[in-house]
Colleague: 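Have a look at the structure that comes next, please.
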Amino acid sequence: MLDFLAYGFMQRAFLAAIVTSLLCSVIGVYIILRGLSFMGAGMAHAAFAGATFGIVVGADPFVMGIMFAVGTAMGIGYAGEKAKLNLDVAIGILFSLMLALGIIFIHLMPVYNPRAYALLFGDVLGVSSDEIKLILLVAGVVFITIFLLFKEFQVISFDMEFGRVLGIPVRAVSYIMLVLIALSVASSIKVIGAILVFALITAPPAAAHQFTHKWNMMFVLSAGFGVLASIIGLLLSYYLPNMPSGPMIVLAAVSIFFLSMVFSRKKKHIEVIEEEKWKKAENSK
Amino acid sequence: MNVIEVGRLTISYGENTVLSGVSFKIERGDFVGIIGPNGSGKTTLLKSLIGLVPIDSGEIRILGRDARKEMARIRREIGYLPQKQTINPMVPVLVRDAVLMGRYGAMGLFRRPKKEDRNAVESALKKVDMLDKIDEPIGHLSGGQQQRVFIARALVHNPKIIFLDEPTTGLDVPSQSSIIGLIHELHENYGLTVMMVTHDINQISAYATKILYINRKIVAQGDVNSVCTPEILKEVYNTDVKVVQYEGMPCVVLSDQHHGHGGDKYA
């Protein structure tokens with residue numbers, strides 16, 4: 001049954017996929033609750049541009065991807081504070097710019113480079129030991145920061161103005177969250193791809209949101225769904241002939257989300273409560 | 001003893017002066033209504049007192065401390081109920097989590113809640129008669145119940161002054177009455193100083209010890225009977241109103257002809 005784990009590349013693939021899905025699904029909780037999904041997609045494309053730039057100039061694509069994504073996160077955060085235009089517009093412009101830059105950098109490569117195209121759709125089976133170490137390092141930084149700032153992140157997600165009154169450095173905490181999102185997304189594009197990572201940061205937390213009213217449980221469920229999706233996706237790509245791993249992980253994640261909508265007890269509970277509130281209002285007339 | 005002293009306060013948004021030359025003093029244990037039309041600057045005034053809006057000039061002293069220099073210390077001794085629209089309804093939290101947030105400021109960065117924090121949550125919920133809902137998701141509560149929980153959140157670190165920004169907005173009439181009754185109880189039983197922004201003087205006329213009428217400046221201040229006159233109200237709202245006596249308290253009603261308005265940008 002576990003014969004696939006006899007291969008070194010499969011062991012690395014499983015480790016990379018599990019850590020990446022943990023990262024994306026945990027940071028994704030903040031992304032969906034704060035309405036930052038589009039921003040996450042923008043950062044993924046920035047990471048793609050950075051990684052292709054790294055290949056062109058001979059720098060480490062992983063590190064360059066992270067630098068571009070973090071730079072974009074700071075830029076979007078700053079634009080959100082200062083710009084008079086809607087943030088979605090700013091992200092949309094940057095989103096297209098970064099994708100265009102990435103494609104231009106690919107065209108600047110003297111020969112066809114499969115590594116560059118893998119950044120768009122992921123290549124989990126090609127993850128090297130060094131890349132695993134970097135993913136683990138990023139995961140360590142992200143999880144430790146979340147642990148330390150857990151309550152501050154909760155407050156700025158729930159009620160930012162109240163956070164200011166509490167004396168929480170809301171601006172700094174918001175920027176730290178953006179940097180964590182950028183780190184998580186950028187370190188995931190080798191595994192899942194810049195285009196597909198969007199599903200991994202939104203589907204598991206969105207599925208978790210269907211089942212719980214508890215803040216802590218959102219993270220547990222989202223992480224569980226994310227890891228489950230990556231394992232199912234990898235197994236499907238291993239056992240089904242000629243199936244790419246990244247898209248299979250995404251298919252699994254999105255399937256979990258649709259199943260969660262069907263089986264959501266929370267949704268049914270809310271419907272009952274809304275009905276009770278309505279009856280109460282009718283009776284009081 | 002004065003717990004709030006404001007002198008010659010001026011606040012602008014860009015070139016638009018929202019408040020000009022505002023001065024007043026609030027004594028310990030006062031129940032103060034900040035009243036004015038839309039755009040009069042009453043929420044801006046409240047937010048300036050708790051450091052959410054920067055001031056151009058003037059002086060604010062809260063509990064004897066300079067608000068410009070010692071806001072971090074002041075915040076440990078005040079509670080705040082923001083307008084309901086500031087809350088993100090997507091975030092799944094239980095009542096106990098929402099109230100616990102009121103302790104986060106005093107805990108400091110990186111610290112985790114302790115048993116005393118959890119005890120304080122129960123005590124605050126008891127004060128607002130919501131202890132039985134401690135494990136309920138916030139989204140399951142009615143508007144009035146949610147507002148009680150957020151008042152508990154403002155009280156959970158035992159503040160000396162509580163600032164309330166339109167606490168009855170969006171509630172039905174029985175819930176409005178229940179929330180105002182609760183605020184009165186807290187004022188009476190725990191000696192809290194209350195600063196409350198509201199549109200409606202009738203809600204608080206029976207309880208308020210002081211009224212500040214605001215329309216980009218202080219139009220009038222004093223006890224309910226002295227400031228609740230048709231002349232002053234005409235100046236505040238730029239419309240004709242009648243003042244009638246109801247159970248010994250002044251009650252404001254719109255007269256037949258009403259026109260004119262304040263701005264609507266800085267409510």
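Bear in mind the structure is a predicted one, so any value in this text is a computation, not a measurement.
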Colleague: Is it true that, when you exclude A:Met67 itself, more than 12 heavy atoms of the residues, nucleotides or ligands shown sit nearer than 6.0 Å to its CE?
Modeller: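 No, because the 6.0 Å sphere around CE of A:Met67 holds 12 heavy atoms or fewer from other groups.
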Colleague: Given 3.5 Å as the limit, does a donor-acceptor pair link the side chain of A:Lys214 with the main chain of B:Val93, or not?
Modeller: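 No; zero donor-acceptor contacts below 3.5 Å.
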Colleague: What residue in A:Arg34, A:Met218, A:Arg164, A:Lys151 has the most heavy-atom pairs under 4.5 Å with chain B?
Modeller: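 When all of A:Arg34, A:Met218, A:Arg164, A:Lys151 are compared, A:Lys151 has the most.
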Colleague: Would you say B:Arg73 has more than 12 foreign heavy atoms packed within less than 6.0 Å of its CZ?
Modeller: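 It does not: B:Arg73 CZ has 12 such atoms or fewer within range.
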Colleague: Sort B:Phe163 into side chain, backbone, both or neither according to what part of it lies under 4.5 angstrom from a heavy atom of chain A.
Modeller: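 Nothing of B:Phe163, per the 4.5 Å heavy-atom cut-off to chain A.
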Colleague: Quick check: are there more than 12 heavy atoms from other residues, nucleotides or ligands sitting under 6.0 Å from CG of B:Asp129?
Modeller: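 12 or below, so no.
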Colleague: Quick one, B:Asp97 with A:Gln154, criterion side chain to side chain contact (heavy atoms under 4.5 Å, CB included). Give me CA distance, side-chain angles, the key distance, then yes/no.
Modeller: CA-CA 10 Å; B:Asp97 301 326; A:Gln154 184 190 35; 4.1 Å; yes
Colleague: For A:Thr212, is it the side chain, the backbone, both, or neither that has a heavy atom closer than 4.5 Å to a heavy atom of chain B?
Modeller: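 Backbone only.
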Colleague: Pick from B:Ile50, B:Ile138, B:Leu52: which one has the most heavy-atom pairs with chain A under 4.5 Å?
Modeller: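 Going by pairs under 4.5 Å, I would pick B:Leu52.
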Colleague: Between A:His209 and B:Pro92, is there a donor-acceptor pair closer than 3.5 Å when you use the side chain of the first and the backbone of the second?
Modeller: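 Not confirmed, A:His209 side chain does not pair with B:Pro92 backbone.
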Colleague: Do the side chains of B:Arg153 and A:Asp159 get close enough for a salt bridge, i.e. N-O under 4.0 angstrom?
Modeller: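 So B:Arg153 pairs with A:Asp159 through a salt bridge.
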Colleague: Taking all atoms of both residues into account, what is the closest heavy-atom pair of B:Tyr80 and A:Phe162, and its distance?
Modeller: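 B:Tyr80 and A:Phe162 have their closest heavy atoms at O-CE1, 3.4 Å.
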Colleague: Taking B:Arg75 for the side chain and A:Val165 for the main chain, is one N or O donor matched with an acceptor at less than 3.5 Å?
Modeller: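 Side chain of B:Arg75 to backbone of A:Val165: a pair is present.
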Colleague: Which of the residues B:Ala106, B:Gly102, B:Ala72 is involved in the greatest number of heavy-atom pairs with chain A at under 4.5 angstrom?
Modeller: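 The answer is B:Gly102.
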Colleague: Got more than 12 heavy atoms from elsewhere within 6.0 Å of OH, A:Tyr78?
Modeller: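 No - once you tally the heavy atoms of other residues, nucleotides and ligands closer than 6.0 Å, there are 12 at most.
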Colleague: Quick one: of B:Gly51, B:Gly105, B:Ala154, B:Pro89, who has the most non-hydrogen atom pairs under 4.5 Å with chain A?
Modeller: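 That would be B:Gly105.
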Colleague: How far apart are the closest heavy atoms of B:Phe110 and A:Glu152, and which atoms are they?
Modeller: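 Looking at all heavy atoms of both residues, the closest pair is N-OE2, 3.9 Å.
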Colleague: First locate atom OH of B:Tyr104, then atom CG of A:Leu166, and finally report the distance between them rounded to the nearest 0.5 Å.
Modeller: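 Going from the OH atom of B:Tyr104 to the CG atom of A:Leu166 covers 10.0 Å.
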Colleague: B:His140 vs A:His213 aromatic rings, parallel, tilted or perpendicular, using cut-offs 30° and 60°?
Modeller: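 Perpendicular: the ring planes of B:His140 and A:His213 meet at over 60°.
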Colleague: Among B:Lys47, B:Met107, B:Arg112, which has the most heavy-atom pairs under 4.5 Å with chain A?
Modeller: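 Heavy-atom pairs under 4.5 Å are most numerous for B:Arg112.
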